[in-house]
2 protein chains.
Amino acid sequence: MLYISLTMIKDKVDLFIKACRSMGLRITPQRVAVYEVLLSRDDHPTAEEVYNEVKKRYPFVSLATVYRTIETLEQLNLVKRVAYWGNSVRYDANIQEHHHLICTKCGTIKDVSFDFGLNLPEKLYGYKVEGYSVHIYGVCPACQQKESLRSTHQKN
Amino acid sequence: MLYISLTMIKDKVDLFIKACRSMGLRITPQRVAVYEVLLSRDDHPTAEEVYNEVKKRYPFVSLATVYRTIETLEQLNLVKRVAYWGNSVRYDANIQEHHHLICTKCGTIKDVSFDFGLNLPEKLYGYKVEGYSVHIYGVCPACQQKESLRSTHQKN
DNA sequence: GTTCCTGCAAATGCTTTGCAGGCAG
DNA sequence: CTGCCTGCAAAGCATTTGCAGGAAC
């Protein structure tokens with residue numbers, strides 16, 4: 001499921017291309033494909049997941065290129081690393097400040113764009129504050145349903 | 001710096017020992033030492049950092065034991081894996097609801113016990129809300145110093 | 001044509017696992 | 001004593017890096 005329209009993806013890709021030009025970076029099909037995959041998903045894929053998606057269009061792409069492209073995108077501030085629980089780093093092309101709704105049963109993460117209006121100081125315990133993200137823990141609709149079924153049937 | 005008193009650490013270790021007994025787990029000096037190190041720190045050490053600390057008292061301890069002990073502590077719900085930023089998983093023996101100050105350069109995580117007083121609805125996008133944690137991103141004092149040094153010397 | 005980027009493969013770093021001996025109970 | 005736990009070493013993954021050829025400009 002796309003969380004932004006194809007037109008918006010195209011616009012963002014155009015901005016990426018402009019950013020590359022202005023930085024003297026080359027615009028390669030692999031770079032565009034990696035960014036498009038990241039833009040088209042709101043489920044915070046791992047590098048490997050992006051790789052599998054890109055491979056559908058460019059079967060000879062290498063995982064190393066995906067990692068290198070993501071690093072470039074991070075430096076251009078077009079992609080952010082998402083703090084996460086698990087073994088792999090996850091990435092997010094949604095650059096606007098937003099928050100995460102995490103299911104404590106199945107681990108699914110959903111974006112929340114609500115503004116909590118937190119007033120953070122510029123400095124906190126000596127840290128130079130850059131931004132924040134609220135992680136809300138809860139049970140997703142699917143898991144709630146599973147729970148109620150389970151209690152009805154006395155299973156597990 | 002200790003964020004809880006020695007008495008509190010002792011109490012928590014006693015609870016851990018009781019939990020081990022009730023589960024049929026053996027109480028070994030290594031296990032106690034790993035838990036004590038985790039209790040005594042609020043900076044969410046990596047397994048390696050715990051290992052280095054434990055090694056001061058038990059020079060022959062192995063990193064594998066530290067990993068296995070942390071896994072045991074997680075299963076006993078005495079230690080939590082925290083959302084991480086860098087390359088290693090970080091652990092936390094503070095089980096109460098609290099927030100995190102994360103360095104985007106080196107991944108260090110500091111506890112913030114400040115109450116942000118967010119009023120979350122009971123339901124959000126169909127999720128049954130249970131709690132939240134604020135992740136504040138920034139640059140820690142050590143990394144700020146490194147950054148200013150680098151710009152002074154025009155390196156990289 | 002020049003330089004940067006890519007694919008491949010090897011290296012690195014973090015974490016897990018198999019095994020034989022040792023210690024807690 | 002018995003069997004779980006430990007230390008060691010090797011294996012298993014995720015990610016990074018070196019290098020030679022190829023593509024972008």
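Below, read A as the first sequence line, B as the second, and so on, with proteins coming before strands; counting in each chain starts at 1.
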Colleague: Nearest whole Å is fine: how far is C:dT6 P from A:I70 CD1?
Modeller: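 So the CD1-P distance, A:I70 to C:dT6, works out to 13 Å.
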Colleague: Among A:D11, A:L76, A:L39, which one satisfies side chain to side chain contact (heavy atoms under 4.5 Å, CB included) with A:F16?
Modeller: A:L76
Colleague: Just the rounded figure in Å: distance from C1' of D:dC5 to OH of B:Y67.
Modeller: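 Value for this atom pair: 19 Å.
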Colleague: Can you tell me if A:K123 has over 12 outside heavy atoms packed within less than 6.0 Å of its NZ?
Modeller: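 Counting other residues, nucleotides and ligands, NZ of A:K123 exceeds 12 neighbours.
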Colleague: Return the CD1 to CZ distance between B:I70 and B:R68, rounded to the nearest 0.5 Å.
Modeller: 12.5 Å
Colleague: List every contact pair, protein side and nucleotides 18-20 of chain D side both N or O, where the distance is under 3.5 Å.
Modeller:
{"unit_1": "D:dG18", "atom_1": "O6", "unit_2": "A:R68", "atom_2": "NH1", "d": "3.3"}

Colleague: Residues from residues 14-36 of chain B sitting under 4.0 Å of DNA chain C, heavy atoms only?
Modeller: B:R26, B:I27
Colleague: Taking salt bridge (Lys or Arg N to Asp or Glu O under 4.0 Å) as the criterion, tell me which of B:R57, B:K56, B:K12 meets it with B:E36.
Modeller: B:R57
Colleague: Show every side chain to side chain donor-acceptor pair (under 3.5 Å) that has at least one partner inside residues 17-28 of chain B, sequence neighbours left out.
Modeller: none
Colleague: Quickly work out the B:Q75 CD to C:dT16 P distance and round it to whole Å.
Modeller: 11 Å
Colleague: Nearest-Å distance, CD (B:E48) to P (C:dT12)?
Modeller: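 It is 16 Å, rounded to the nearest whole Å.
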Colleague: In whole angstroms, how far is the C1' atom of C:dC8 from the NZ atom of A:K55?
Modeller: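 Result: 14 Å.
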Colleague: If you assign each of A:A47 and B:V61 to its closest nucleotide in DNA chain D, which residue comes earlier from the 5' end?
Modeller: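 Result: B:V61.
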Colleague: Grab the OH-P distance between B:Y58 and D:dC5 for me, whole Å please.
Modeller: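 About 17 Å, once rounded to whole Å.
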Colleague: Would you mind reading off the distance between A:E71 atom CD and C:dT6 atom P, rounded to a whole angstrom?
Modeller: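 It is 12 Å, rounded to the nearest whole Å.
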Colleague: When you measure from the side chain of B:T104 to the backbone of B:G138, do you find a donor-acceptor pair of N or O atoms at a distance under 3.5 Å?
Modeller: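 Yes, the answer is positive, given that a donor and an acceptor are paired below the 3.5 Å cut-off.
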Colleague: Output the distance between atom OG1 (B:T69) and atom OH (B:Y51), rounded to the nearest 0.5 Å.
Modeller: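 Nearest 0.5 Å value for the OG1-OH distance: 13.0 Å.
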Colleague: Would A:H44 and A:H100 count as a close aromatic pair, with their ring centres under 6.0 Å?
Modeller: yes
Colleague: Whole-Å distance between C:dG13 C1' and B:E49 CD?
Modeller: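 Taking CD of B:E49 and C1' of C:dG13, I get 14 Å after rounding.
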Colleague: With the side chain counted from C-beta on, respond yes when B:I109 and B:L101 share a heavy-atom pair under 4.5 Å apart, and no when they do not.
Modeller: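 Not in contact.
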